[in-house]
There are 2 protein chains.
Amino acid sequence: MPRLSEGNHLAVANPLPKDAASELDPSRCPVRDVLDHIGNKWTALILLTLQAQAQRFSELHRAIPDISKRMLTQSLRELERDGLIERRVYPTKPPSVEYRLSSLGESIMVPLLGLVEWAERHHADIRQARVYFDGARDSEPA
Amino acid sequence: MPRLSEGNHLAVANPLPKDAASELDPSRCPVRDVLDHIGNKWTALILLTLQAQAQRFSELHRAIPDISKRMLTQSLRELERDGLIERRVYPTKPPSVEYRLSSLGESIMVPLLGLVEWAERHHADIRQARVYFDGARDSEPA
DNA sequence: CAAAAGTGGTCTCTATCATAGACCTACCCT
DNA sequence: AGGGTAGGTCTATGATAGAGACCACTTTTG
């Protein structure tokens, strides 16, 4: 049967909604751009920590002990570059650096906290699903 | 300087017991567990694609052309293991496999779509912030 | 029959990236 | 002068993502 006679590079044969199609293009897909960043293992964690209050580098490091300084620096730079946090240097005796959410950063907290809430509410379900999945694999009949 | 309580870490909502060790353990932190997964570059994209409609392996691959089969398989397994999607094998002539959101998977779409909406709404701000950040480095005023 | 093509993957190789942790400069305290 | 804190940078290394070959099975086509 003649399927996909069209030569489109996207090759979407289904009448998918427009938002699904736009997500295919990484260069102009906001979702991928944003999600790739906040999904970066540490970024969301940093945002959530800063949401409580502005914090200094070392405070952040203590709050998230299992991040390396290098990754903390890198993640903070990225968040700063994206305008989600602000970096303020105070010319104190040893110059202290404070990181705080920008207004843009605060605005992302709303959906992000929604996800956090979901995670807390359904984490047990996920763990249970994993146990079942792994168990079913083990006792899979031949 | 304001001393941050050591147990702050993400548990903004709950009063944290002195058992800070449990917070350090990523496998026990629902937020990290969940975010690490849905932030995994492809997983959120797959969920969003499946949200439109249940799809087969090849359909998914066509819908997300720039994922390799290997990563698609791996991501689908992970999502299945976490109970977010269901894998149904139909014993057709060439056995066809259909992936669809589970009820748990549908429930995560609510906060996830919130994040998507945020991303679409603020993507311009982010890009602008990046331009400013990168430009400010070059033309740093004295 | 033989070849092609589609479905649902697995396997291997390689380039990239994150991580740990050593190191560094500057300042303060004792 | 030794040690501690602050805010990082640098490097070696292990894990990981990505590309693409390969596989078993089946239907279609010549």
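Lettering of chains follows the sequences in order, A, B, ..., and the numbering in each one begins at 1.
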Problem set entry | Whole-Å distance separating the CD1 atom of A/Ile64 from the P atom of C/dA20 | 13 Å
Exercise. Looking at A/Arg77, does any N or O in its side chain come under 4.0 Å of the phosphate oxygens OP1/OP2 on D/dG8?
Worked result: yes
Seminar exercise, completed: Winner on side-chain proximity to B/Arg62, out of C/dT19, D/dG18, C/dT7, is C/dT7
Seminar exercise, completed: Picking from C/dG9, C/dA18, C/dT7, the nucleotide nearest the side-chain atoms of B/Thr73 would be C/dG9
For this session: Using a 4.0 Å heavy-atom cut-off across all strands, classify A/Ser58 as base, sugar-phosphate, or nothing.
Result: sugar-phosphate
Exercise. Can you tell me if the side-chain N/O atoms of B/Arg70 get under 4.0 Å from OP1 or OP2 in C/dT14?
Worked result: no
Exercise. If we only count heavy atoms from C-beta on, is the B/Arg130 to A/Asp82 side-chain gap below 4.5 Å?
Worked result: yes
Exercise. What's the CG-C1' distance between A/Asp36 and C/dC17, to the nearest Å?
Worked result: 14 Å
Problem set entry | d(CD1, A/Ile46; P, D/dG7) in whole Å | 14 Å
For this session: For B/Arg56, report the nucleic acid contact type (base, sugar-phosphate, nothing); a contact means any heavy atom under 4.0 Å.
Result: sugar-phosphate
Exercise. At under 4.0 Å, does any side-chain N or O of B/Arg88 touch on OP1 or OP2 of C/dG8?
Worked result: no
Problem set entry | Between C/dG8 (C1') and B/Lys69 (NZ): distance, integer Å | 7 Å
For this session: Compare all side-chain heavy atoms of B/Arg81 with those of A/Ile126 and state whether any distance is below 4.5 angstrom.
Result: no
Seminar exercise, completed: In whole angstroms, the gap separating P of C/dT10 from CZ of B/Phe57 amounts to 8 Å
For this session: Counting heavy atoms from C-beta on, name the nucleotide in D/dC22, C/dT19, D/dG7 closest to the side chain of A/Arg87.
Result: D/dG7
Problem set entry | Separation of C/dG8 P from B/Leu60 CG (nearest whole Å) | 10 Å
Exercise. Would you say A/Trp42 reaches C/dT19's phosphate, i.e. side-chain N/O to OP1/OP2 under 4.0 Å?
Worked result: yes
For this session: Respond yes when some side-chain nitrogen or oxygen of B/Tyr99 is under 4.0 Å from OP1 or OP2 of C/dG9, and no when none is.
Result: yes
For this session: To the nearest Å, give me how far apart CE (B/Met71) and C1' (C/dT12) are.
Result: 15 Å
Exercise. Within a strict 4.5 Å, meaning less than it, do heavy atoms of the B/Trp118 and A/Leu104 side chains meet?
Worked result: yes
For this session: Just call it for A/Ser68: base, sugar-phosphate, or nothing, with non-hydrogen atoms closer than 4.0 Å on any strand.
Result: base
Exercise. With a 4.5 Å heavy-atom cut-off, do B/Leu76 and B/Phe57 have their side chains touching?
Worked result: yes
For this session: Look at B/Lys41 and D/dG18 and indicate whether a side-chain polar atom (N or O) is within less than 4.0 Å of OP1 or OP2.
Result: yes
Problem set entry | Side-chain donor/acceptor of A/Gln51 to backbone N/O of A/Met109, under 3.5 Å | no
